[in-house]
Amino acid sequence: MTSPQQAHGDPATAGRVLDLVLRVSDHQVVGPEGMLLGNVDNLVLREHDGRLLVTGFISGPGGLGPRLPGSLGRWVQAVWRRLRSDADAQPTMVPLSAVARIGSAVEVTRHGQQVLAASMGLEHWLQTYVVSRIPGAKGGEDRLEGEPVQDAAQHVWSPGPGSHLLSDLLGARVRSPQGEDLGAVLDVCAEAVAPTEAAVGVLRVRGLSYGPRATGSELGYTEDPRQGPLLLRVLFRRLHRAHRYVPLEAVDVDWQARAVTVAPTARPVHPHQR
């Protein structure tokens, strides 16, 4: 695995490893000029030739809703669909070919900014017909300025065979071949396979980390042994000592049941051992 410094800021290179929850999910999305465009609310996974690929991300309620528990998640999705003009609303996916860099923020290209603009019709409508008509409202710089892509339909994500969201995998119950409950999926480890100078490109999932305790797992104390103050480092690593990492080839995922069976090859989570 690459060093923590590379994981935080360097452009994607082939073989670079990313923990998707820790390094990508919920990060801010910024445009070519540094304009804030939203957050990464979900990631799109696709099964292809026996591999599991990360092909894009979703920003907004259409991606956030599936991550939220129970009735809250269903309510967010229902409200979002009611406010959309299309009858069968599905979220818009920004392809990783339109992501220039993954660091402390996810930087998209001009095309990525236009894809996001195409997905924010409701926001533009509110800004034009509601906010701008409030007496004294000055508004601000349009964070999605620019012409939306004309072929927006090709960026629509919809569930189906071989097409999943990262949230479908996170929290899935993990079992041994004998049926023993080993905890839940906490993070997904992926690597860049064909980056270019202009884009990150598709990521290939390498494996999963799982364990019985989710508390603090998104803070990176188990993945990076140098993360944070010494006292917290020791505390969280002790709390998460039962966390394990397993390569994808030793995993059998039942997407419908949200269950994962792992072969007995898992080892303690440590980034430099992956």
Side-chain angles (χ1 to χ4, degrees), residues 11-12 20 23-46 53-68 73 76-134 137-160 163 165-167 195-203:
L20 298 181
R23 305 296 185 194
V24 185
S25 186
D26 291 323
H27 280 46
Q28 284 189 329
V29 181
V30 299
E33 288 81 35
M35 185 72 70
L36 299 180
L37 305 176
N39 294 318
V40 176
D41 289 308
N42 223 319
L43 290 159
V44 175
L45 309 178
R46 183 167 63 88
L53 305 176
V54 186
T55 58
F57 73 86
I58 297 171
S59 180
L64 179 62
R67 291 177 51 192
L68 300 176
V76 168
Q77 287 181 282
V79 170
W80 172 73
R81 287 195 172 97
R82 286 288 298 271
L83 294 175
R84 294 290 295 262
S85 59
D86 38 335
D88 185 24
Q90 297 294 346
T92 298
M93 179 192 79
V94 179
L96 292 188
S97 60
V99 173
R101 187 183 183 96
I102 296 176
S104 57
V106 174
E107 302 174 23
V108 298
T109 63
R110 178 67 62 184
H111 177 69
Q113 184 173 0
Q114 291 173 332
V115 173
L116 283 169
S119 71
M120 296 294 181
L122 173 62
E123 180 170 313
H124 282 301
W125 186 90
L126 289 173
Q127 183 176 6
T128 302
Y129 296 103
V130 179
V131 176
S132 65
R133 297 184 180 184
I134 298 175
K138 297 180 180 179
E141 191 175 2
D142 186 358
R143 69 187 184 94
L144 294 172
E145 66 180 353
E147 288 298 320
V149 291
Q150 299 302 313
D151 56 347
Q154 75 175 25
H155 296 291
V156 172
W157 177 84
S158 59
S163 183
L165 294 175
L166 179 63
S167 57
T196 67
E197 292 184 1
V200 171
V202 169
L203 305 176

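Note: hydrogens, waters and symmetry copies are ignored here, and every other heavy atom, side chains too, is used. Computed from a predicted structure; not experimentally measured.
Note that CZ of Phe57 is 13.5 Å distant from CG of Leu165, once rounded to the nearest 0.5 Å. Distance check, rounded to the nearest 0.5 Å: CG of Asn42 to CG of Asp26 gives 9.5 Å.
Considering only residues two or more places apart in sequence or on other chains, Leu64 meets the side-chain contact (heavy atoms from CB on, under 4.5 Å) condition with Asp41, Arg67, Leu68. Contacts of Val30 classified as side-chain contact (heavy atoms from CB on, under 4.5 Å), with partners at least two apart in sequence or in another chain: Leu36, Ala105, Glu107. Residues satisfying the side-chain contact (heavy atoms from CB on, under 4.5 Å) test with Val24, not counting sequence neighbours, are Leu18, Leu20, Val40, Leu43, Ile102, Val106. In this structure Thr109 satisfies the side-chain contact (heavy atoms from CB on, under 4.5 Å) test together with Ala98, Ala100, His111, sequence neighbours excluded.
Pairing each heavy atom of Leu96 with each of Leu203, the nearest pair is CD1-CG, 3.8 Å. Considering all non-hydrogen atoms of both residues, Ser104 and His27 come closest at O-CD2, 3.3 Å. Heavy atoms only, all atoms of each residue included: Pro66 and Gln77 are closest at CG-NE2, 3.5 Å. Closest of all the heavy-atom pairs between Met93 and Ile58 is CA-CG1, 4.3 Å. For the residue pair Gln113 and Pro32, the shortest heavy atom distance occurs at OE1-CD, 3.1 Å.
You'll find the side chain of Ser59 stays beyond 4.5 Å of the side chain of Leu37, heavy atoms only.
Here the options are Val29, Val200, Val115, the test is side chain to side chain contact (heavy atoms under 4.5 Å, CB included), and the partner is Val108; only Val29 passes.
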